[in-house]
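No experiment lies behind these values; they were computed from the predicted model shown. Below, all heavy atoms of this structure are taken into account, side chains as well, without hydrogens, waters or symmetry copies.
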Number of protein chains: 2
Amino acid sequence: MNYSKQRELILDVLRQNPVHPTADKLYELVRPLMPSISLATVYRNLNLLVECGAVRKISGLDGSVHYDHCVEKHYHFICTCCNKVYDVPYNVAQDLELKLKSLTGLEAQSTELTFKGLCSDCQNSN
Amino acid sequence: MNYSKQRELILDVLRQNPVHPTADKLYELVRPLMPSISLATVYRNLNLLVECGAVRKISGLDGSVHYDHCVEKHYHFICTCCNKVYDVPYNVAQDLELKLKSLTGLEAQSTELTFKGLCSDCQNSN
DNA sequence: TTAAAAATGATAATGATTATTATTATCAAT
DNA sequence: ATTGATAATAATAATCATTATCATTTTTAA
């Protein structure tokens, strides 16, 4: 995989944003910094970054797909009202793969744990 | 919500199938039993059944959406090779919502835990 | 049984993602 | 620095899953 300015920028913007944007949202964020960039390039590079492990996909509730740059193990909480994706610390559930292995024999390459509910913002606004 | 033959059949077929089909696959399975049924009806009823809690959505790896009739709490293992969805027993990780609450204060309405890896079939076929 | 409400089938519309294609950027080897 | 091979890009068309529309049919409750 060769270097490209577009891919670097996409990863940078993802790293500087804690919002877990969708491909479309990311396109919006990147465009002011590189107006000529194409939406297809955003999709293509997100797929490449996911493939090489630098970025993770998160499936939203409404079928939307969000992207998260990989730092350390953590989980997610998605608000059923505003659809925002929040981080949940790893210590909520540790070593799930070990438990899986010992109970079922299956070996997991990765694990996704996602909670759904009302975030505190949405609870208060009702 | 009124009764409908189509909805009853959709739920029956889902209950008798451990395969976690997609909407499209379910349409294929239902059509021989009721040739006049429409794909839109399958989608419409799956959404209604999800809304009323009789059926659960599972996000596949490739963006596909699978459906699972709700019986008791359990999790999933998706094969990265054949994309099949397997059930994982609840005792792999119990009471995650309680842990979430005590560590973050967030209250989860539902929890989805999904492992990804090679299923034993695909491991053997290599 | 009959009218109102809900559900259906058929199909068009939508929207997210991927494929295509001509052009441009990258990079190792001259 | 220049070249050639390859990979990446922008723009846009194509694809495919899902949803909306609407005329017709079923269901339900009075």
Side-chain angles (χ1 to χ4, degrees), chain A residues 1-14 19-68 78 80 83-85, chain B residues 1-14 17 19-68 78 80 82-85:
Chain A
M1 185 158 76
N2 283 344
Y3 169 87
S4 93
K5 285 171 191 155
Q6 288 82 349
R7 184 157 48 243
E8 185 182 42
L9 182 59
I10 285 166
L11 192 50
D12 276 356
V13 169
L14 208 50
V19 295
H20 308 88
T22 60
D24 221 50
K25 180 72 187 168
L26 196 58
Y27 179 52
E28 269 180 43
L29 291 169
V30 167
R31 209 143 50 134
L33 305 171
M34 183 184 282
S36 70
I37 201 169
S38 160
L39 177 59
T41 299
V42 172
Y43 273 102
R44 209 166 334 119
N45 281 302
L46 283 173
N47 285 343
L48 287 169
L49 290 167
V50 166
E51 212 171 325
C52 78
V55 163
R56 200 151 41 124
K57 263 186 172 176
I58 311 167
S59 305
L61 294 183
D62 44 2
S64 62
V65 177
H66 298 248
Y67 293 88
D68 186 8
I78 308 182
T80 53
N83 279 302
K84 278 208 198 86
V85 179
Chain B
M1 185 159 72
N2 283 346
Y3 168 86
S4 92
K5 284 170 192 156
Q6 287 84 348
R7 184 156 49 242
E8 185 182 42
L9 181 60
I10 286 167
L11 192 51
D12 276 356
V13 169
L14 208 52
N17 277 277
V19 295
H20 308 90
T22 59
D24 220 51
K25 180 72 186 166
L26 196 59
Y27 179 51
E28 270 180 44
L29 292 169
V30 166
R31 210 147 44 139
L33 305 171
M34 185 183 280
S36 71
I37 201 169
S38 160
L39 178 59
T41 299
V42 172
Y43 274 102
R44 225 179 342 223
N45 282 301
L46 282 173
N47 285 340
L48 287 170
L49 290 166
V50 165
E51 212 171 324
C52 77
V55 164
R56 199 149 44 123
K57 263 186 170 177
I58 311 167
S59 305
L61 295 183
D62 45 1
S64 62
V65 177
H66 298 249
Y67 293 88
D68 185 10
I78 307 183
T80 53
C82 68
N83 279 303
K84 280 208 198 86
V85 179

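The CE atom of M34(B) sits 9 Å away from the P atom of dT8(C) (whole-angstrom rounding). Rounded to whole Å, atom P of dC16(D) lies 18 Å from atom NZ of K25(B). Summarising the geometry, the separation between CE on M1(B) and P on dA7(C) is reported as 7 Å, rounded to the nearest angstrom. One can place CG of L49(B) at 13 Å from C1' of dA7(C), the figure rounded to the nearest angstrom. The interatomic distance linking L48(B) (CG) with dA20(D) (P) rounds to 12 Å, in whole Å. Atom CD1 in I37(B) sits roughly 16 Å away from atom C1' in dT11(C) (whole-Å rounding). Taking atom CG of L9(A) as the reference point, atom P of dT9(D) lies 11 Å away to the nearest angstrom. If you measure from atom OH of Y3(A) to atom P of dC27(C), you get 8 Å, rounded to the nearest angstrom.
Where S4(B) and Y43(B) each meet DNA chain D at their nearest nucleotide, the meeting point lying more 5' is that of Y43(B). Residue N2(B) is the one, among L39(B) and N2(B), whose nearest nucleotide of DNA chain C lies closer to the 5' end (criterion: closest heavy atom). Taking the nucleotide of DNA chain D with the nearest heavy atom to each of R44(A) and A40(A), the more 5' of the two is matched to R44(A).
Comparing dT8(C), dT18(C), dT17(C) by their closest approach to the side chain of T41(B) singles out dT8(C).
Although no hydrogens or angles enter the test, the distance criterion places a donor-acceptor pair under 3.5 Å between the side chain of R7(A) and the main chain of N2(A). Put simply, the side chain of H20(A) never gets that close to the backbone of H66(A): no donor and acceptor are under 3.5 Å apart.
Inter-residue side-chain proximity for K57(A) and Y67(A) is flagged as met; some heavy-atom pair is nearer than 4.5 Å. For the pair L29(A)/L14(A), no side-chain contact is recorded, criterion being any heavy-atom separation below 4.5 Å from C-beta on.
Taking 4.0 Å as the cut-off between side-chain N and carboxylate O, K5(A) and E8(A) do not count as a salt-bridged pair.
The phosphate of dG9(C) has OP1 or OP2 within less than 4.0 Å of a side-chain N or O from S36(B). Considering only side-chain N and O atoms, N47(B) lies under 4.0 angstrom from the phosphate OP1 or OP2 of dT19(D). The shortest distance between the side-chain N/O atoms of Q6(A) and the OP1/OP2 oxygens of dA10(D) is below 4.0 Å. OP1 or OP2 of dT9(D) lies within a sub-4.0 Å distance of a side-chain N or O belonging to N45(A).
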